[in-house]
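Heads up: the structure comes next, in structure tokens.
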Amino acid sequence: IATPDVHDEL
Amino acid sequence: MNFFRLLGDLSHLASIFILLHKIQTTRSCRGISFKTQVLYVVVFVTRYLDLLTFQFHSIYNTVMKLFFIGSSIYILYLMRVRFRPTNDPSIDTFRIEYLLGPCAVLSLIFNYGYTWLEIPWSFSIFLESVAILPQLFMLQRTGEAETITTHYIAALGAYRALYIPNWIFRYFTEDNGVDAIAVVAGIVQTALYVDFGWIYFTKVLQGQKFELPA
């Protein structure tokens with residue numbers, strides 16, 4: 001499962 | 001960065017400026033839930049712990065994070081110190097421990113790693129999704145709101161709503177799948193604004209006062 005880089009969102 | 005996310009972030013920024021404008025021009029924080037504002041400070045501080053790692057995404061990202069933390073703390077100061085007499089805790093009665101506890105549990109179950117960054121990050125995502133509840137509860141209790149307060153809540157709702165097309169866009173243009181935590185919490189959060197949004201569009205934007213049916 002891909003772990004998306006959502007940590008670039010606010 | 002895409003159009004929806006930028007517009008969402010700008011809407012988020014706008015909501016804070018509307019709130020500051022409301023407090024400063026009316027010299028009152030009447031109608032604003034202190035508890036919701038406390039929750040936002042907790043949300044921002046726990047989510048942006050990555051600031052301490054100095055691994056920058058972009059100047060935009062860092063400046064916005066600092067602004068959200070700073071402005072949310074400043075709003076607490078305005079409410080608790082500067083305009084304290086205008087803050088009426090007797091109508092701000094939502095029990096936030098019923099939000100903090102479950103969010104803490106959820107973040108321990110659903111997260112992207114048991115680390116000091118990931119668990120608070122996950123916690124902040126869950127907490128943000130319900131942080132508006134004390135404010136909406138207060139609105140429900142008083143049955144009415146100043147127009148500027150409704151603009152503030154509407155701008156927050158728009159920010160959340162715009163993040164949904166942002167994720168759909170990212171799903172099709174990037175190669176990283178879906179962030180289930182952010183998406184599920186984001187949809188829940190947006191759904192909480194639906195009732196409010198309906199009254200906002202059908203009344204406030206038609207020039208009427210925000211009033212709930214008795």
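The shown structure was predicted, so the numbers you read here are calculated from the model rather than taken from an experiment. The chains referred to below are lettered A, B, ... by the order of the sequence lines, with proteins before strands, and numbering in each begins at 1.
Residue B:Phe44 does not touch chain A at all, counting heavy-atom pairs closer than 4.5 Å. Heavy atoms closer than 4.5 Å to chain A are found nowhere in B:Glu128, neither backbone nor side chain.
When the shell of 6.0 Å around CH2 of B:Trp198 is examined, it contains 12 or fewer heavy atoms from other residues, nucleotides or ligands. Residue B:Asp195 qualifies as open at atom CG: its count of foreign heavy atoms under 6.0 Å is 12 or below. Within 6.0 Å of OH on B:Tyr171 lie no more than 12 heavy atoms contributed by other residues, nucleotides or ligands.
Interface remark: of the candidates B:Arg47, B:Glu118, B:Arg5, B:Arg5 forms the most heavy-atom pairs closer than 4.5 Å to chain A.
For B:Asp50, the salt bridge (charged side-chain N to carboxylate O under 4.0 Å, His left out) test picks out B:Lys65, with sequence neighbours left out. For B:Leu6, the side-chain contact (heavy atoms from CB on, under 4.5 Å) partners at least two apart in sequence or on another chain are B:Met1, B:Leu10, B:Tyr60.
Heavy atoms only, all atoms of each residue included: A:Glu9 and B:Arg170 are closest at OE2-NH1, 2.7 Å. Taking every heavy atom of both residues into account, A:Leu10 and B:Tyr163 meet most closely at N-OH, 3.5 Å.
The closest donor-acceptor contact from the side chain of B:Asn61 to the backbone of A:Asp8 lies under 3.5 Å.
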